[in-house]
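None of the values given here were measured: they were computed from a predicted structure.
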Amino acid sequence: MIGTFYSDIFGYDIEVWYDKSIPQEYVEKNIQYLNNMDHDFLKTICIAVKRYYQGYKQIMPDLCDEIPENILTDFEADPTSILTYLSIGTYSLDRWNAADENTPILHLSGECAWSGDQGITIAARKNQLLYVGPWRETFGIWNDSIKPDRISEMFNYARN
């Protein structure tokens, strides 16, 4: 299923993708979770997005010529300023079961000003940031036993 909602945090419409077995109430709870996110958790996400930007710039300096130089200009005063350099296209709600009905998740994917084709994915569960980094089609939000491959872990900026 696909729907569209307005994101208060990003200031534009985002598509929400979910399996038809996921109750509409759960979809709506997660949209409310995003739109009313705790400011400290949002700041944590922004700090990880900043690490992704800095890591990309360090690893791929030759590809950074066209990146706006002012990405971090306002970051210290307002960490959410970095969000203006993201273009989140989808909010995916992964498989669900009734035990998870009160567990908020984020699985946002889209583009960012610095990584071209690699894009960005932001994944979290219960205000715990799990992944920020290059786009990942699938992410095991619910499965803690899935071990990410070495490359994915190396480019996960959710952890310090």
- prompt: Under 4.5 Å between any side-chain heavy atoms of Met37 and Asp8, yes or no?
  reply: no

- line: Residues at least two apart in sequence or cross-chain that pass salt bridge (charged side-chain N to carboxylate O under 4.0 Å, His left out) with Glu76, listed by chain then number, are Lys50

- line: Value for CG (Leu108) from OG (Ser7), rounded to nearest 0.5 Å, stands at 8.0 Å

- prompt: side-chain hydrogen bond (donor to acceptor under 3.5 Å, both in side chains) with Asn70: which residues, sequence neighbours excluded?
  reply: Tyr85

- prompt: Minimum heavy-atom separation for Leu129 to Ala124, with atom names?
  reply: CA-CB, 4.0 Å

- line: Sequence neighbours excluded, the answer for ring pair (Phe, Tyr, Trp, His ring centres under 6.0 Å) partners of Phe10 is Tyr12

message: If I compare all heavy atoms of Trp114 with all of Val49, which pair ends up nearest, and what's the gap?
response: CH2-CG1, 3.6 Å

task: Apply side chain to side chain contact (heavy atoms under 4.5 Å, CB included) to Asn36 and list each qualifying residue two or more places apart in sequence or on a separate chain.
output: Gln32

query: Phe75 and Tyr53: same hydrophobic cluster, using ILVMFWY side-chain contacts below 4.5 Å?
result: yes

task: State whether the side chain of Tyr91 and the backbone N or O of Asn30 hold a donor-acceptor pair below 3.5 Å, judged by distance alone.
output: yes

- prompt: Are any side-chain N or O atoms of Ser115 and backbone N or O atoms of Glu111, one a donor and one an acceptor, separated by less than 3.5 Å?
  reply: no

field: Any side-chain heavy-atom pair of Leu130 and Leu106 under 4.5 Å
entry: no

- line: Residues at least two apart in sequence or cross-chain that pass side-chain hydrogen bond (donor to acceptor under 3.5 Å, both in side chains) with Asp19, listed by chain then number, are Ser21

task: Mind checking side-chain hydrogen bond (donor to acceptor under 3.5 Å, both in side chains) for Thr80 and listing every partner two or more places apart, or none if nothing turns up?
output: Asp78

message: Do Leu72 and Gln54 make a side-chain contact, defined as non-hydrogen atoms from C-beta onward lying under 4.5 Å apart?
response: yes

query: Are Ile59 and Phe155 close enough that some pair of their side-chain heavy atoms sits under 4.5 Å apart?
result: yes

message: Looking at Asn156 and Val132, would you say the former's side chain and the latter's main chain have a donor-acceptor pair under 3.5 Å?
response: yes

Heavy-atom side-chain proximity of Leu93 to His107 below 4.5 angstrom: no

message: Any non-hydrogen side-chain atom of Gln24 less than 4.5 Å from a side-chain atom of Tyr18?
response: yes

message: As an exercise, state the distance from CD1 of Ile82 to CD1 of Ile45, rounded to the nearest 0.5 Å.
response: 12.5 Å

field: N/O donor-acceptor pair under 3.5 Å between Tyr52 side chain and Ala158 backbone
entry: no

- line: Between Cys112 and Gly119 the two heavy atoms that sit nearest each other are SG-O, 3.8 Å

- prompt: Do Tyr56 and Pro134 have side-chain heavy atoms sitting under 4.5 Å apart?
  reply: no

field: Backbone N/O of Tyr6 and side chain of Asn35: donor-acceptor pair under 3.5 Å
entry: yes

